[in-house]
Amino acid sequence: MKALARLWRRLPGTAKAGVIMLGVFLLIAIIGPEVTPYNPSVTTPLQAVAPSGAHLFGTTQTGQDVLSQFLIGVRLTLELAFWVGVIATALAVIIGVTAAYAGGLVDELLSLLTNVFLVIPALPLLIVLLGFLNGTSAGQGQLPVILVLSLLGWPWGARVIRAQALSIRSRDFIAATRETGERSWRIIGFDVIPNMVSLIAASFVNTVLYAVGASVALAFIGLTDPNQWSLGTMLYWAQLGNALQIGAWWWYVPPGLAVALLGTALVLLNTGIDELSNPRLRDARSATKIANRRVWPTDPTPVLGALNGHGGGLAGLARSFSRKSLIDEAAVGAGNTEKAGELT
């Protein structure tokens, strides 16, 4: 708990906001299906009823409870995105690290495979594959969507992980480990991968974000199983039921807002991980005090005073942009104040 508390204090504000928002969705996903007030698939005579005490999120055009669909939809969407993130990140780590560490022909072949998947238009391929699977017995449930999204979601992470692994492979401690006779799998598992934990975590979060957006888009255009109540399926049925035309805003606003907030949480978390792992971004959050004034590293350096007294030419111009000019200017101002006091 103390380690978690220290880690929480070190997290930037963006990461804390992302963790809190994502935690709310995880809580809904865990307890949501257990507290659904109705069966989300059962129709009732209450068609397109606005939110009320009996139906907090209203009902659909066929009388189905929107809140029950929402609570189950959050779990299915997060479950799908999580498995896509795990599978795609594992493929990215295996292919990226193997290509970087092995080098030579293996690196060329794996890099060629990565480039092939990168140039393939993802959306048309997703439509073709899912359209084909939906016509077979294997097209039911979320498994086809997970497999297809995982197959197309690993190349971006693999490229970044390969580049980082190449940098780590050339360091002295890896050469020293090789000289001691350690096996390659042990070097990769205990020396290379542990030095890329933050990068792998950022790649996982980014892949989960990709999976959420892609799965919702595919469900919205009807390429997934419509009997599975995900957030995208809710939007799909809302579109078919002309929810926008009949003014049933309670039908499409909750799933749409949930997708937007979930994407925002993942983006904030990913940005926070980058700030935590990158020393330059981490130092950019701290300010220094110069001449009783807070100066942030990302602030433009002020130009104080004319070039007179700073020397002429490029040297004087360069010095006028430095922080030392700010200190000197403050010292001159303090000296002028003392002289004015003595005269008084």
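Everything numeric here is computed off the predicted structure, so don't read it as measured data. Residue numbers count from 1 along this sequence. Hydrogens, waters and symmetry mates play no part in the numbers below; they use all other heavy atoms, side chains included.
Across all non-hydrogen atoms, the minimal contact from Phe70 to Ala258 is CE1-CB, 3.5 Å. Residues Pro33 and Leu71 come closest through the heavy atom pair CD-O, 4.0 Å. In plain terms, the two heavy atoms of Arg169 and Ala100 that are nearest each other are NH1-O, 2.6 Å. Considering all non-hydrogen atoms of both residues, Ala165 and Met196 come closest at N-SD, 3.8 Å. For the residue pair Leu67 and Pro37, the shortest heavy atom distance occurs at CD2-CG, 4.2 Å. The shortest non-hydrogen separation linking Gly157 to Ala92 is C-CB, 3.8 Å.
Contacts of Arg183 classified as salt bridge (charged side-chain N to carboxylate O under 4.0 Å, His left out), with partners at least two apart in sequence or in another chain: none. With sequence neighbours excluded, the residues that form a side-chain hydrogen bond (donor to acceptor under 3.5 Å, both in side chains) with Ser68 are Asp65. Legend: residues meeting side chain to side chain contact (heavy atoms under 4.5 Å, CB included) with Leu147, ordered by chain and number and at least two apart, are Leu143. Not counting sequence neighbours, the partners of Thr60 by the side-chain hydrogen bond (donor to acceptor under 3.5 Å, both in side chains) test are Thr62.
In this structure, Ile120 is a member of the same hydrophobic cluster as Val84, with clusters built from ILVMFWY side-chain heavy atoms closer than 4.5 Å. Under the 4.5 Å side-chain heavy-atom criterion for Ile, Leu, Val, Met, Phe, Trp and Tyr, Val148 and Val128 are members of distinct hydrophobic clusters. Hydrophobic clustering (side-chain heavy atoms under 4.5 Å, transitive across Ile, Leu, Val, Met, Phe, Trp, Tyr) keeps Val42 apart from Leu56. Following chains of ILVMFWY side-chain contacts shorter than 4.5 Å, one can reach Leu26 starting from Ile20, so the two form part of one hydrophobic cluster. Note on Ile161: it does not cluster hydrophobically with Leu166, by side-chain heavy-atom contacts below 4.5 Å among ILVMFWY residues.
With rounding to the nearest 0.5 Å, the separation of OG1 in Thr271 from CG in Leu266 is 10.5 Å. Atoms CG and CD1, from Leu268 and Ile273 in turn, are 11.5 Å apart once rounded to the nearest 0.5 Å. Rounding to the nearest 0.5 Å places CH2 of Trp237 at 10.0 Å from CD of Gln69. For the atom pair Ile87 CD1 and Trp154 CH2, the distance stands at 14.5 Å (nearest 0.5 Å). Here the CD1-CD1 distance, from Ile188 to Ile174, works out to 9.5 Å after rounding to the nearest 0.5 Å. To the nearest 0.5 Å, atoms CG (Asp191) and CZ (Arg171) are separated by 12.0 Å.
A heavy-atom distance below 4.5 Å is not found between the side chains of Ser230 and Leu80. In this structure, the side chains of Trp249 and Pro51 come closer than 4.5 Å at one or more pairs of heavy atoms. Annotation: side chain of Leu78 is in contact with side chain of Leu262 (closest heavy-atom distance under 4.5 Å).
Atom CD of Glu179 is surrounded by 12 or fewer heavy atoms from other residues, nucleotides or ligands within 6.0 Å. By the 6.0 Å contact criterion, CH2 on Trp83 is open, its count of non-hydrogen atoms from other residues, nucleotides or ligands being 12 or less.
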Please list, one pair per line, the donor and acceptor atoms closer than 3.5 Å that link side chains of residues 201-223 to other protein atoms, with sequence neighbours excluded.
unit_1, atom_1, unit_2, atom_2, d
Thr207, OG1, Ser203, O, 2.7
Tyr210, OH, Leu149, O, 3.4
Ser215, OG, Ala211, O, 2.8
Ser215, OG, Val212, O, 3.0

Enumerate, atom names and distances included, each donor-acceptor pair closer than 3.5 Å involving a side-chain atom of residues 101-119, sequence neighbours excluded.
unit_1, atom_1, unit_2, atom_2, d
Asp107, OD1, Ser111, OG, 3.0
Asp107, OD1, Arg162, NE, 2.9
Asp107, OD1, Arg162, NH2, 3.4
Asp107, OD2, Arg162, NH2, 3.0
Ser111, OG, Asp107, O, 2.8
Ser111, OG, Arg162, NE, 3.3
Thr114, OG1, Leu110, O, 2.9
Asn115, OD1, Arg159, NH1, 2.9
Asn115, ND2, Ser111, O, 3.1

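Alongside Phe190, the hydrophobic cluster contains Trp185 (criterion: ILVMFWY side chains under 4.5 Å). Clustering of Ile, Leu, Val, Met, Phe, Trp and Tyr side chains at separations under 4.5 Å places Ile30 together with Leu27, Ile31. Other members of the hydrophobic cluster containing Leu46, listed by chain and number, are Val49; membership follows side-chain contacts under 4.5 Å among ILVMFWY residues, whether direct or relayed. Other members of a hydrophobic cluster containing Ile94 are absent, since no ILVMFWY side chain comes under 4.5 Å of it, directly or through relayed contacts.
In the model, Gln142 has no side-chain atom that pairs as donor or acceptor with a side-chain atom of Gln228 under 3.5 Å.
At distances below 3.5 Å, at least one donor-acceptor pair connects side-chain atoms of Ser170 with backbone N or O atoms of Ser167. A donor-acceptor pair under 3.5 Å is formed between the side chain of Thr77 and the backbone N or O of Leu231.
Every pair tested for salt bridge (charged side-chain N to carboxylate O under 4.0 Å, His left out) that includes a residue from residues 206-218 fails, sequence neighbours excluded, so the list is empty. For residues 26-53, the side chain to side chain donor-acceptor pair (under 3.5 Å) pairs, not counting sequence neighbours, are Ser41-Trp229.
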task: For side chain to side chain contact (heavy atoms under 4.5 Å, CB included), just list the numbers for Met234 and Val66, CA-CA rounded to whole Å, side-chain angles, deciding distance to a tenth of an Å, and then say yes or no.
output: CA-CA 8 Å; Met234 292 180 65; Val66 176; 3.9 Å; yes

- request: Please lay out, stage by stage, how Trp251 and Gln61 fare under the test side chain to side chain contact (heavy atoms under 4.5 Å, CB included).
  value: CA-CA 9 Å; Trp251 192 354; Gln61 201 174 27; 3.7 Å; yes

